[in-house]
Each structure stands twice: as structure tokens, then as C-alpha cells.
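Input: a single structure, listed below in C-alpha cells.
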Amino acid sequence: GSDESTLLAGPLCQHPPKGRQPNVMFYPAVCDVAAMPAAAAASIDKVAWYDTAPLTFDARQETRTMVLVALRDITDEELFVDYRYMPGDNLPKWYSPVARE
């Protein structure tokens, strides 16, 4: 079998340091888990989220999750995602806004 922890890469993404650009972004996805193999559906359950219950008769039909999308080719490097903190927030000292290109 595969190491299931490899499916959970989101917590390994850091905010880029000053002067660096993100190389990945989070993207919301809706999965039809009823059409997936059981092992894949079980893995999706570990990373699914809901702010409201799904509006289906079968709660497992549509499961929301997030996927990482590469913004460019990535080879053997750290993953950086823009945390997009709001300017009015009490920002941590390490945080630096990402310059928009």
C-alpha cells in the first residue's frame, strides 16, 4: 500500500519569505466519492471540509476538499503558498505580503 500521509501535503506548505513568489495554490474541489474506489474515498474523507452540510440526499455523493495546484514546474523544492492574510489583521513578524505579478 501507499503511505497515506503523502496525501496530506497542505500542512507542509509555507508562506514564501520576502522576495519569493508562491509556487503552489490551494484550489477547492468537489469529489464524487461514490464513483471512486473505496480506498480513494476513505483518503478524501481525511481531508474533506464542510462549512454547511452538502445539499444532496447522499451526503457522501459530493465531498468538498482542497487540492494543491502548481503555479509553475516544481522540482525538488519547498512548496510555498500565499497565506493571504488581510492587511488589517494582527500580522506575525515573519509574514510578508506577496507582491502581485
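- The minimum heavy-atom distance between P16 and P22, with the atom names listed, is CG-N, 4.0 Å.
- A heavy-atom distance below 4.5 Å is not found between the side chains of V98 and R84.
- With hydrogens and angles disregarded, no donor-acceptor distance shorter than 3.5 Å links the side chain of Y85 to the backbone of Y95.
- The only member of L68, D82, V67 that meets side-chain contact (heavy atoms from CB on, under 4.5 Å) when paired with F26 is L68.
- Note: Y83 and W94 have perpendicular aromatic rings, judged against thresholds of 30 and 60 degrees for the angle between ring planes.
- Heavy atoms only, all atoms of each residue included: L71 and V24 are closest at CD1-O, 3.8 Å.
- The closest donor-acceptor contact from the side chain of Q21 to the backbone of F80 lies at 3.5 Å or more, if one exists at all.
- Rounding to the nearest 0.5 angstrom, the gap separating the OG atom in S96 from the NE2 atom in H15 is 6.0 Å.
- Of the possible polar contacts, one joining the N23 side chain to the E78 backbone as a donor-acceptor pair under 3.5 Å is found.
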